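Report on one structure; see the data block that follows.
Reminder, nothing fancy here: chain letters follow the sequence lines and each chain counts from 1. Everything quoted here is computed from the prediction, not taken from an experiment.
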Amino acid sequence: NAGVTQTPKFQVLKTGQSMTLQCAQDMNHNSMYWYRQDPGMGLRLIYYSASEGTTDKGEVPNGYNVSRLNKREFSLRLESAAPSQTSVYFCASNPRGPTSKETQYFGPGTRLLVL
Amino acid sequence: RKEVEQDPGPFNVPEGATVAFNCTYSNSASQSFFWYRQDCRKEPKLLMSVYSSGNEDGRFTAQLNRASQYISLLIRDSKLSDSATYLCVVKTVNDYKLSFGAGTTVTVRA
């Protein structure tokens, strides 16, 4: 099992460009999440998907959109990148639903720099 | 007030030493507690869950104090490989999200 995979690992964008971050998990997990991590701050939830076909906003959704393509894949899209979106983005998954007691498993991250 | 607060450190300790640090949480409805480890430029990885009665995993001991709303992590006989940032993570009953502390950095020196 590869666990949670993310592509790309690194990306440099210019302000206003768009891009999609890809995430896939092969653990048959129901729920998936997108976080961003900035220096001196804890991980902050951008969006989550409790199950295939559903998505919901997290703490910091502005400037992002998501798609739960199927049970395995959950993508994050930046339609018009801004320097404030420079961050490390982590995808995570959870075996059951988001309200379960179980914790989450993380992908290796995507480092994004917006100039 | 942040939901989860941690002393950022760094805690700089020699090999073989014991190091301990706490994390406080603000929501009394918090249900589940975890310590994650994050190495530089890597993803967070689950170190251990924290149970009400306290629990050990090898050289690591976690404690929960619900009355004072804090959890602790103690590392005995520190190894160089224990150098990392330790994230305190809290989950509230019926809530969808995990709340992360900003992390405590531990550096073990030879």
Query - Contact summary for B:Glu43 and A:Gly107, nearest pair of heavy atoms - result: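 Where B:Glu43 meets A:Gly107 most closely, the heavy atoms are CB-O, 2.8 Å.
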Query raised in the report: Among B:Gly103, B:Pro44, B:Cys88, B:Ser49, who wins on heavy-atom pairs under 4.5 Å with chain A?
Result: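 Option with the greatest count: B:Pro44.
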Are [X] and [Y] in one and the same hydrophobic cluster, where Ile, Leu, Val, Met, Phe, Trp and Tyr link if side-chain heavy atoms are under 4.5 Å apart?
X        : Y        : value
B:Leu74  : B:Leu47  : no
B:Val106 : B:Phe100 : no
A:Val4   : A:Phe74  : no
B:Trp35  : B:Leu46  : no
B:Ile71  : B:Leu87  : no

Query raised in the report: Is it the backbone or the side chain of B:Pro8 that comes under 4.5 Å from a heavy atom of chain A, or both, or neither?
Result: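 B:Pro8 has no heavy atom closer than 4.5 Å to chain A.
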**Report entry** Among the listed options A:Pro108, A:Ala92, A:Pro39, the residue most often paired with chain B at heavy-atom distances under 4.5 Å
**Finding:**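 Between A:Pro108, A:Ala92, A:Pro39, the count favours A:Pro108.
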Query - Between B:Gln38 and A:Gln37: side-chain donor-acceptor atoms closer than 3.5 Å - result: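 Short answer, yes.
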Report task. To the nearest 0.5 angstrom, please state how far the NZ atom of B:Lys91 sits from the CD atom of A:Gln104. Result ->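 That separation rounds to 8.0 Å.
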Requested in this report: Kindly indicate whether the side chain of A:Tyr35, heavy atoms from C-beta on, has any atom under 4.5 Å from the side chain of B:Leu98.
Outcome: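 Yes - at least one pair of side-chain heavy atoms lies under 4.5 Å apart.
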Report task. Could you tell me which portion of A:Phe106 (side chain, backbone, both or neither) has an atom closer than 4.5 angstrom to a non-hydrogen atom of chain B? Result ->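 For A:Phe106, the contact with chain B is made by backbone and side chain together.
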Query raised in the report: Can you say whether A:Arg44 sits under 4.5 Å from chain B via the side chain, the backbone, both, or neither, judging by heavy atoms?
Result: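 Neither part; nothing is under 4.5 Å.
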